[in-house]
Amino acid sequence: MKRALHGLLVLVSVTLGLVAWVAWLNVRAELPVDEVMPPTASAQLVAQGAYLAKAGNCMACHTVQGGPPYAGGRGIETPFGVVYSSNLTPDEATGLGLWSPSHFWRAMHHGRSRDGRLLYPAFPYTEYTRVSRADSDALYAYLRSLPPVAQPNRAHDLGWPYRSQAALAVWRALYFKPLDWEAQPAQSAAWNRGAYLVQGLGHCAACHTPRDALGGLDAARPLQGQMLPVQRWYAPSLTDPAEAGVMGWSAEEAVRLLRTGVNQHAVVTGPMAEVVFRSTQHLSDQDLSAMVAYLQALPVQPAEPVAALPSVPVQIKRGAQLYGQHCAACHGEQGEGVPGAYPALAGNRAVTMGQPANLIRMVLQGGYAPATEGNARPHGMPPFRHQLADDEVAAVVSYLRSAWGHQAGPVSTLDLVRDRGAESR
Ligand code: HEC
Ligand code: HEC
Ligand code: HEC
C-alpha cells in the first residue's frame, strides 16, 4: 500500500514537472505585450510592409480564391486536419483591428494570438520567428492600411488530440523555439541578407525541409527535400545539385529562375510555380541575388536515394513509341526541347531525379509555368490523364528516365496509382 502510494506520488510529481516544463518552454523569452498603438504609419513604412508581405507570401494563405485579400478563411490541409487562416485585415471585430504592434510581433515571433491562444504551425511562424521586430512592424503597418473586411475566422477542423491546446503546447516544446536572427560576421552582407530571407520570410524550409511523423521539421537535414504529405508534390533538395540545388548554375541563371520561373536549365511547376508567381518574382534583384548567394553556399549533401525497381525492357520500348506519338512534337525527338517555349527533357533533372512523383504529376495533369514579367505568356503542357492509361504513363516516364544517357530508375504503375489519387489536389 505504502509502495503504491509512493509510486503514485512519483508519477504525479513527474507529470506535474513535465507539464510545468512544457508550459515554461511555451512562454520562454516572451516579453509582456503592450497595447500601445502606433501613430499613423508613413507611406514609406506601408510600402516596405507591402514588399515584405510578398517576400513572406502572406496573401496566398490568407485569401480564399476569389475572396477579399487577407480576409482569411483558406483551409490549409495538413495530415492532422484542416487549419483555416485568419482574417488579417484591420476589422475590429473579426480581424487585427484591436491588435497592437506588440501583439502582432508576438504572433510572428512566438506563435501566440492576441488572446493568448497558441497558434498552429500551419502558420509558418517556425520560420517567421526569425523576422526582425522592425520588419514585423512594417508588415503590421501594411496590414493596417488594408480596407477592413468583416469576416469571422473559421473554426479549425482537426481531429483529437491535435485540436487541443495541450497537444499543441507539447508539439511546440518539441519543435519550436523563438529565434532572434543573428548575422554571421564571417559571411558576406549578401549571404546574411539571403539567409535572413530564405530562413525567415521566404519560409523555404516549410516545404523543402523533411518533417517527421508529428510534422516537426528535421533540424539535422535542413532544406534536404521532402514529399509534401497532403499535396504529394516532392519539394526537392536545395542542397543537392542533382535535385533543386542551384550551386552548379551561374548566379544570373539562378536569379532568373526565381524572378521569371524559367531559365536555361529548369522551369518551376506546381507549388513552386505559386511561390514564384506570388512571391519571388516581386523581389528586388538585390534580394534575389542575396538569396542565391546563400543557396549557392549551402553545403552540398546528396539526397537520399529512392529504392530502385527492376527494369522492364518491353515497357521502355512501348514508352519510346508513346513519346514519339505524344511528346516529341513539343519536346523534340532527342528531348532537346525548343528554347523559350518547351523545356528540354534530355539532361533535365526534373526527369532524372530519384523521386519520380513530380514527373508523373506533370504527365498526368500537365501544367503551366507561372506568368511573370520575364515570361509573360508561358506555354502550357497538356494533361495526359485521360489519353494515357496507367501502364502507358509508366512506360513513357520510364523511357524518359533511360533515354539520352539518363540512368534514373524506371517507374511502376504502383507509383502512378498513388499519384493519380493525389493529383486532384
Ligand atoms: C502557409 C500558409 C500561411 C502563410 C504563408 C502565412 N500564414 Fe498567417 N496563418 C496561417 C494560418 C493557417 C493561421 C491560423 C493559425 C491558427 O489559428 O492557429 C495563420 C495565422 C496568422 C496570424 C494570427 C492571427 C490571429 O487571429 O491569431 C497572423 C498575425 C498571421 N497569420 C500573419 C501572417 C503574416 C504576416 C504572413 C506573411 C509574412 C503570414 N501570416 C503567412 C497560414 C499562413
Ligand atoms: C509550398 C511549398 C514550397 C515552398 C514554400 C518553396 N518551394 Fe521550392 N519547390 C517546391 C516544389 C514542390 C518544387 C518542385 C517543383 C519544381 O521543380 O518546380 C520546388 C522546386 C524548387 C527549386 C527547383 C526548381 C527547378 O525546377 O529546378 C528551387 C531552386 C526552389 N524550389 C527554391 C525555393 C526557394 C528558394 C524557396 C523559398 C523562397 C522555396 N523554394 C519555397 C515547393 C516549395
Ligand atoms: C503542347 C506541347 C507539349 C506536349 C505535347 C508535351 N509537353 Fe511536356 N511540357 C510542355 C511545356 C510548355 C512544359 C513546361 C510547363 C510547366 O513547367 O508547367 C512541359 C513540361 C514537361 C515536363 C517538366 C519539365 C521540367 O523541367 O519541369 C515534363 C517531364 C514533360 N513536360 C514531359 C512530357 C511528356 C512525357 C509528354 C508526352 C506524354 C509531354 N511532356 C508532352 C509542353 C508539352
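Order of listing sets the numbers, starting from 1, for every ligand and every atom in it.
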Once salt bridge (Lys or Arg N to Asp or Glu O under 4.0 Å) is applied, what residue pairs with a partner in residues 136-149 remain, sequence neighbours excluded?
Arg133-Asp137
So the atoms of ligand 1 within less than 4.0 Å of a heavy atom of Met108 turn out to be 35 (C)
Distances for all N or O pairs of ligand 3 and the protein under 3.5 Å?
unit_1	atom_1	unit_2	atom_2	d
ligand 3	7 (N)	His331	NE2	2.8
ligand 3	9 (N)	His331	NE2	2.8
ligand 3	18 (O)	Tyr368	N	3.2
ligand 3	18 (O)	Tyr368	O	3.4
ligand 3	18 (O)	Ala369	N	3.2
ligand 3	26 (O)	Asn348	ND2	2.8
ligand 3	31 (N)	His331	NE2	2.9
ligand 3	40 (N)	His331	NE2	2.9

Salt bridge between Asp287 and Arg193, side-chain N to carboxylate O under 4.0 Å?
yes
Going by ring-ring contact (aromatic ring centres under 6.0 Å, His included), name the residues that satisfy it together with His326, two or more places apart in sequence or in a different chain.
Phe384
May I ask you to check whether Tyr120 has an N/O atom sitting below 3.5 Å from an N/O atom of ligand 1?
yes
Contact region, Asn57 to ligand 2, non-hydrogen atoms below 4.0 Å, reads neither
Which of the numbered atoms in ligand 1 are under 4.0 angstrom from any heavy atom belonging to Ser113?
25 (C), 26 (O), 27 (O)
Mode of Tyr142 contact toward ligand 1 - side chain, backbone, both, neither (heavy atoms, under 4.0 Å):
neither
Near Arg117 (heavy-atom distance under 4.0 Å), the atoms of ligand 1 are 16 (C), 17 (O), 18 (O), 27 (O)
For atom 8 (Fe) of ligand 1, which protein N/O/S atoms are closer than 2.8 Å?
His62 NE2
Mode of Tyr84 contact toward ligand 1 - side chain, backbone, both, neither (heavy atoms, under 4.0 Å):
backbone
So if I count the atoms of ligand 1 from 1 in the order they appear, which ones are less than 4.0 Å from some heavy atom of His156?
16 (C), 17 (O), 18 (O)
Whether Pro236 lies under 4.0 Å from ligand 2, heavy atom
yes
Parallel, tilted or perpendicular for Trp105 and His109, by the 30°/60° rule?
parallel
Just jot down the ligand 1 atoms closer than 4.0 angstrom to any heavy atom of Leu201, in number order.
38 (C)
At a 4.0 Å cut-off, with the gap strictly under it, does some heavy atom of Leu257 reach an atom of ligand 2?
yes
Considering the heavy atoms of Val83, write down every atom of ligand 1 situated less than 4.0 Å from one of them.
12 (C)
